[in-house]
Structure formats: C-alpha cells, structure tokens
Amino acid sequence: MSTSDDMKRVAQETANRLAGLGIWLNGQERADDLTTMHDAVERFESAVTSRGGDLMVDEPVPGQTPQPDDRHFALPQRSPDEAVAEYVERLARATDRVERHRRIGGA
C-alpha cells in the first residue's frame, strides 16, 4: 500500500469518526481539515471527561437529540454553511467554557 493510499485511508477513517459523532461533512474537506476538526473534537472530549462528563451520554447517537449530563458538555455541531475554520474556532471556545465549568459528579 502506498503512502498516498495510507493517507486516503486515514482521512476516510477520520471522516467516518466525525460523521459518527454527527458532525456535518460536505465531502469537500481536505485531509488537513479533517485532522484539524478531529483534534479539536478530541480536545473538547478531553475537557468534558476532565470535568466529570460521560461521553457516552454527552455525545448524540446519530439521528437522535443529545441529552448530555450538562448542556455545556454537548458536542457543538457544525452547520452546513459553516467553514471548517469557523467550526474549529467555535469548538475551541466551547472547550474553554467546559474547562472553566464546575466539575460534576464525585470529587
């Protein structure tokens, strides 16, 4: 398998993960765009778990309305008219809010 094939496979896996989280993709995103969004989502998820959120509860099942532990822990969705950079910036702001949010649950 060539490096190009590997890159395409990784980009497809990343796109599948994002789509599985309900993040809208138009199919025109470059591999770098997908990686940037994926990294931003991982930072958000890490912030949620650090504040006591449960990703199994906080992230929506595709096609269903999310019911997070706390509304701040719901993964922001990308709208069809939103550029990748705008979504990543909005996600970064949401991550900052989660990091400042009170911890829920135990300790």
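- Remark: the backbone N or O of Ala92 is not paired with any side-chain donor or acceptor of Arg43 at under 3.5 angstrom.
- In this structure, the salt bridge (Lys or Arg N to Asp or Glu O under 4.0 Å) partners of Glu89, at least two apart in sequence or on a different chain, are Arg93.
- Between Glu42 atom CD and Thr35 atom OG1 the span is 10.5 Å, to the nearest 0.5 Å.
- One finds a salt bridge joining Glu29 and Arg78 here, because a Lys/Arg side-chain nitrogen approaches an Asp/Glu carboxylate oxygen to under 4.0 Å.
- Applying the salt bridge (Lys or Arg N to Asp or Glu O under 4.0 Å) test to Arg97 and every residue at least two apart in sequence or in another chain returns nothing.
- Looking at residues two or more places apart in sequence or on another chain, you find no side chain to side chain donor-acceptor pair (under 3.5 Å) involving Ser4.
- Interatomic distance, Phe73 CZ to His101 NE2, rounded to the nearest 0.5 Å: 5.0 Å.
- In this structure, Arg51 CZ and Ser46 OG are separated by 11.5 Å, a value rounded to the nearest 0.5 Å.
- Residue Phe44 holds its CZ atom at 11.0 Å from CG of Leu21, rounded to the nearest 0.5 Å.
- Asp32 meets the side chain to side chain donor-acceptor pair (under 3.5 Å) test with no other residue; sequence neighbours excluded.
- Taking the side chain to side chain donor-acceptor pair (under 3.5 Å) definition, one finds that Glu86 meets it with nothing, sequence neighbours left out.
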CA sep, side-chain torsions, deciding dist, call: Val88, Asp33, side chain to side chain contact (heavy atoms under 4.5 Å, CB included)
CA-CA 9 Å; Val88 168; Asp33 294 335; over 6 Å; no
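- Considering every non-hydrogen atom in both Ser50 and Arg103, the closest pair reads O-NH1, 3.0 Å.
- Residues Pro76 and Leu91 come closest through the heavy atom pair CD-CD1, 3.5 Å.
- Considering CG of Leu34 and OG1 of Thr14, their distance stands at 6.5 Å, rounded to 0.5 Å.
- A donor-acceptor pair is defined here as one N or O able to donate and one able to accept, closer than 3.5 Å; such a pair exists between the side chain of Arg90 and the backbone of Gln77.
- Going from atom CG of Asp81 over to atom CH2 of Trp24 covers 8.0 Å, rounded to the nearest 0.5 Å.
- Every side chain to side chain donor-acceptor pair (under 3.5 Å) that Gln12 has, sequence neighbours left out, goes to Asn16.
- Residue Ala15 comes nearest to Leu25 through the heavy atom pair O-CD1, 3.4 Å, listed as atom of the first residue, atom of the second, then distance.
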